[in-house]
Amino acid sequence: MNQEEKQRKLDLRYLRMAKIWAENSYCRRRQVGALVVKNKMIISDGYNGTPSGFENVCEDDNNLTLPYVLHAEANAITKLARSSNNSDGATLYVTASPCIECSKLIIQAGIKRVVYGEKYRLEDGVNLLNKANIEVIYLNPDEDEPK
């Protein structure tokens, strides 16, 4: 097995783990999970949800996402700020493609690769990452057989 195949298998594993991590989210409309990996070690994790100290309710009575709900990527990146780790050169695994706001955080955090498992209708986040020369990979773990 060559290095490229090994990396793909590793990417799929971490993406499946991010999908499992998304199950921690209290959001009803969509559950998203993210992992930040550096040197084959998970250094941070996140899922979409409300800020610390807020009630774990993500949607209003009309089932619209509340404006203060954090995305999984934002939670994982800001969690790093409270740790002794840094994300310079790391890979972010996220179950859905990043929005433009999260893409700005990804760039500023020094993350060099983003692997995501579900395409979102808006592509401005992915386009911004490409513009910043960040490697962006779409992999659907449901389409690939775990080996």
Side-chain angles (χ1 to χ4, degrees), residues 3-4 6-60 63-144 146:
Q3 195 57 41
E4 201 174 293
K6 279 184 183 175
Q7 186 61 58
R8 182 178 170 81
K9 282 181 185 269
L10 206 53
D11 287 345
L12 283 165
R13 279 188 202 117
Y14 282 124
L15 211 45
R16 287 194 302 271
M17 289 169 74
K19 196 172 183 179
I20 290 167
W21 201 245
E23 294 172 15
N24 288 315
S25 172
Y26 287 91
C27 297
R28 293 188 314 256
R29 285 182 63 200
R30 183 178 219 185
Q31 294 180 312
V32 180
L35 297 175
V36 180
V37 176
K38 187 173 177 178
N39 302 325
K40 293 185 182 175
M41 190 170 71
I42 297 168
I43 59 168
S44 191
D45 55 63
Y47 49 86
N48 57 327
T50 56
S52 299
F54 282 67
E55 189 182 5
N56 286 321
V57 175
C58 298
E59 295 86 9
D60 63 17
N63 204 34
L64 295 173
T65 301
L66 295 166
Y68 53 82
V69 169
L70 287 154
H71 289 186
E73 308 94 310
N75 263 328
I77 291 167
T78 54
K79 201 182 223 184
L80 277 166
R82 297 174 73 169
S83 76
S84 58
N85 288 315
N86 79 71
S87 51
D88 216 23
T91 298
L92 173 77
Y93 294 91
V94 61
T95 56
S97 61
C99 71
I100 193 147
E101 292 302 319
C102 287
S103 292
K104 291 187 230 176
L105 292 175
I106 291 164
I107 293 164
Q108 290 301 92
I111 291 168
K112 292 299 174 213
R113 287 178 81 235
V114 175
V115 181
Y116 68 96
E118 191 183 312
K119 292 183 179 177
Y120 186 59
R121 61 183 167 79
L122 299 176
E123 293 183 12
D124 49 355
V126 169
N127 293 340
L128 182 64
L129 293 172
N130 285 324
K131 193 174 181 179
N133 293 318
I134 291 172
E135 185 182 359
V136 182
I137 300 162
Y138 165 71
L139 276 181
N140 187 333
D142 295 332
E143 291 172 6
D144 286 85

What are the two closest heavy atoms between [X] and [Y], and how far apart are they?
X      : Y     : result
Ser103 : Pro98 : OG-CB, 3.7 Å
Ser44  : Leu80 : CB-CG, 3.6 Å
Val32  : Ala96 : CG1-N, 4.2 Å
Ala22  : Gly33 : CB-N, 3.3 Å
Cys27  : Ser25 : N-OG, 3.1 Å
Cys58  : Val69 : O-CG2, 3.5 Å

### Query
Who are the disulfide bond (SG atoms under 2.5 Å apart) partners of Cys99, not counting sequence neighbours?
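For Cys99, no residue satisfies disulfide bond (SG atoms under 2.5 Å apart) once neighbours in sequence are set aside.
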### Pairing residues for Cys102 by the disulfide bond (SG atoms under 2.5 Å apart) criterion, not counting sequence neighbours
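Expected list: none.
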State the [atom1]-[atom2] distance between [X] and [Y], to the nearest 0.5 angstrom.
X      : Y      : atom1 : atom2 : answer
Ile137 : Leu12  : CD1   : CG    : 10.0 Å
Thr78  : His71  : OG1   : NE2   : 12.5 Å
Ile77  : Leu70  : CD1   : CG    : 11.5 Å
Leu129 : Ile100 : CG    : CD1   : 9.0 Å
Asn24  : Asn56  : CG    : CG    : 10.5 Å
Arg16  : Leu139 : CZ    : CG    : 10.5 Å

Under the 3.5 angstrom rule, does the side chain of [X] hit a backbone N or O of [Y] as a donor-acceptor pair?
X     : Y      : result
Ser97 : Lys119 : no
Thr95 : Ala18  : no
Ser87 : Ala109 : yes
Asn75 : Tyr47  : yes

### Single hit among Val94, Leu92, Asn140 for side chain to side chain contact (heavy atoms under 4.5 Å, CB included) with Tyr116
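So, applying the side chain to side chain contact (heavy atoms under 4.5 Å, CB included) to Tyr116 and each of Val94, Leu92, Asn140, only Val94 qualifies.
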### Message
Can you pull out every side-chain hydrogen bond (donor to acceptor under 3.5 Å, both in side chains) where at least one residue sits in residues 28-41? Sequence neighbours excluded, please.
### Response
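For residues 28-41: Arg28-Asn63, Arg29-Thr65, Arg30-Glu118, Lys38-Asn86.
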### Query
If you look only at pairs with a residue in residues 65-74, which of them pass as a salt bridge (charged side-chain N to carboxylate O under 4.0 Å, His left out), with sequence neighbours excluded?
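Those involving residues 65-74 do not exist here.
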### Summary of salt bridge (charged side-chain N to carboxylate O under 4.0 Å, His left out) pairs that have at least one residue in residues 99-117, sequence neighbours excluded
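Output for this query lists Asp11-Arg113, Glu101-Lys104, Arg113-Glu135.
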### Message
Between Tyr26 and Thr50, does the side chain to side chain contact (heavy atoms under 4.5 Å, CB included) criterion hold? Intermediate values first, please.
### Response
CA-CA 9 Å; Tyr26 287 91; Thr50 56; over 6 Å; no
### Message
Check this for me: Glu123, atom CD, are more than 12 non-hydrogen atoms of other residues, nucleotides or ligands nearer than 6.0 Å?
### Response
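Open.
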### Task
Test side chain to side chain contact (heavy atoms under 4.5 Å, CB included) on Gln3 and Lys6 and set out the steps.
CA-CA 5 Å; Gln3 195 57 41; Lys6 279 184 183 175; 4.3 Å; yes
### Query
For Lys79, which residues count as a side-chain hydrogen bond (donor to acceptor under 3.5 Å, both in side chains) partner, sequence neighbours excluded?
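Testing Lys79 for side-chain hydrogen bond (donor to acceptor under 3.5 Å, both in side chains), a comparison that skips the adjacent residues, returns Asp45.
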